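As the structure is a computational prediction, the values presented were derived from the model and not from experiment. In what follows, every chain begins at residue 1, and chains take the letters A, B, ... in the order their sequences are listed.
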Protein chains: 2
Amino acid sequence: MCLTNGGVAMKYVHSCMIRGDGGRTLRAILDQICNKWTLLVVATLDGGTLRFKELHQRIPGISQRMLTLTLRHLERDGLVSRTVHAEVPPRVEYELTATGRSLLEPALALAGWAIEHVPQIEASREAYKKA
Amino acid sequence: MCLTNGGVAMKYVHSCMIRGDGGRTLRAILDQICNKWTLLVVATLDGGTLRFKELHQRIPGISQRMLTLTLRHLERDGLVSRTVHAEVPPRVEYELTATGRSLLEPALALAGWAIEHVPQIEASREAYKKA
DNA sequence: CCGAATCCTAAAAGATACTG
DNA sequence: CAGTATCTTTTAGGATTCGG
């Protein structure tokens, strides 16, 4: 299967996305990845294992609730592993799984595109407002 | 700037995302791209110009309202051009701009990743439910 | 320290009806 | 044909409190 040619492959993506159930599942997964915090949590876990509190500190603005929810979803989807150490006080460590790490490259590509195009998009928004 | 090495570059992305304003703008753009319909509209416009009605037909399930909103946002951000032909009945054509086309590749990479991992993620979800 | 439970608001999205 | 307007439902996310 060729996934390198935009012209052809995007049609394949399109066909996958509009199929009744596959579409719903695929969109659910894409939504999951692209929500407010997921990409940031994955990016933060790149490079090694972190505890809950460390994650909380490194992601300014995230609430405990959203960090917990995001981690649970990532764990459920098999992208992050969660290890509880039976100590007092408790220590819980999070780490990307192989699947989670495999997400880094495409996620990076998209984030990179967004970073590159921020000025251009902002300019376009300004121009649009005036018109 | 190196954007090809996940280990290093993801930290760059992370640093971009947590910066006060740049972070907000960047996340707003990512949110925009990854919302329920944007990727699908962009994928559908790959390959050529389409009228409003054609888009509506090729994207099952989208409401007129959401198609309009999505197209307005894409137009505002400079990813899609909108051409009104002064005829009766009216004819409005939408087309990807150069910037819009440049989004195809990274968007494709992410969608491709999601498509590839659907079975694995679903299996992980099943296992998670039971446990 | 880690996180579950609850309550609340704002935004997104859907349904429906109408118009130049 | 290509929208706009309005209404309702649904969801995401934040604040706070409590528990193991």
Side-chain donor-acceptor contact under 3.5 Å, B/Gln64 with B/His56: no
Donor-acceptor pair between A/Glu75 and A/Ser81 side chains, under 3.5 angstrom: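 No.
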Whole Å only: how far is the [atom1] atom of [X] from the [atom2] atom of [N]?
X	N	atom1	atom2	result
B/His85	D/dA2	NE2	C1'	13 Å
A/Glu87	C/dC2	CD	P	10 Å
B/Leu50	D/dC1	CG	P	15 Å
A/Arg27	C/dA13	CZ	P	11 Å

Whichever of A/Pro90 and A/Trp37 has its nearest DNA chain D nucleotide further upstream toward 5':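 Result: A/Trp37.
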Lys/Arg-Asp/Glu bridge criterion (N-O < 4.0 Å) met for B/Arg125, A/Asp77: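 Judged by the 4.0 Å cut-off on N to carboxylate O distance, B/Arg125 and A/Asp77 do form a salt bridge.
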Carboxylate-amine/guanidinium proximity below 4.0 Å for B/Arg51 and B/Glu54: no
side-chain N/O B/Arg91 vs D/dA2 OP1/OP2, d < 4.0 Å: no
Phosphate-side-chain proximity, B/Tyr94 and D/dC1, N/O vs OP1/OP2 below 4.0 Å: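 No, because none of the side-chain N or O atoms of B/Tyr94 sits under 4.0 Å from OP1 or OP2 of D/dC1.
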Nearest-nucleotide pick for A/Lys36, side chain only, options being D/dG14, C/dC1, C/dA13: D/dG14
B/Asn35, nearest nucleotide to its side chain (from D/dC1, C/dG3, C/dA13):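 Of D/dC1, C/dG3, C/dA13, C/dA13 is nearest to the side chain of B/Asn35.
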Mutual orientation of the aromatic rings belonging to A/His117 and A/Trp113 [parallel < 30°, tilted 30-60°, perpendicular > 60°]: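 Ring orientation of A/His117 relative to A/Trp113: parallel.
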Donor-acceptor contact below 3.5 Å, side chain B/Thr99 vs main chain B/Leu79: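 Checked: no pair found.
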DNA chain C contacts made by residues 53-79 of chain A, counting heavy atoms under 4.0 Å: A/Lys53, A/Gln64, A/Arg65, A/Thr68, A/Arg72
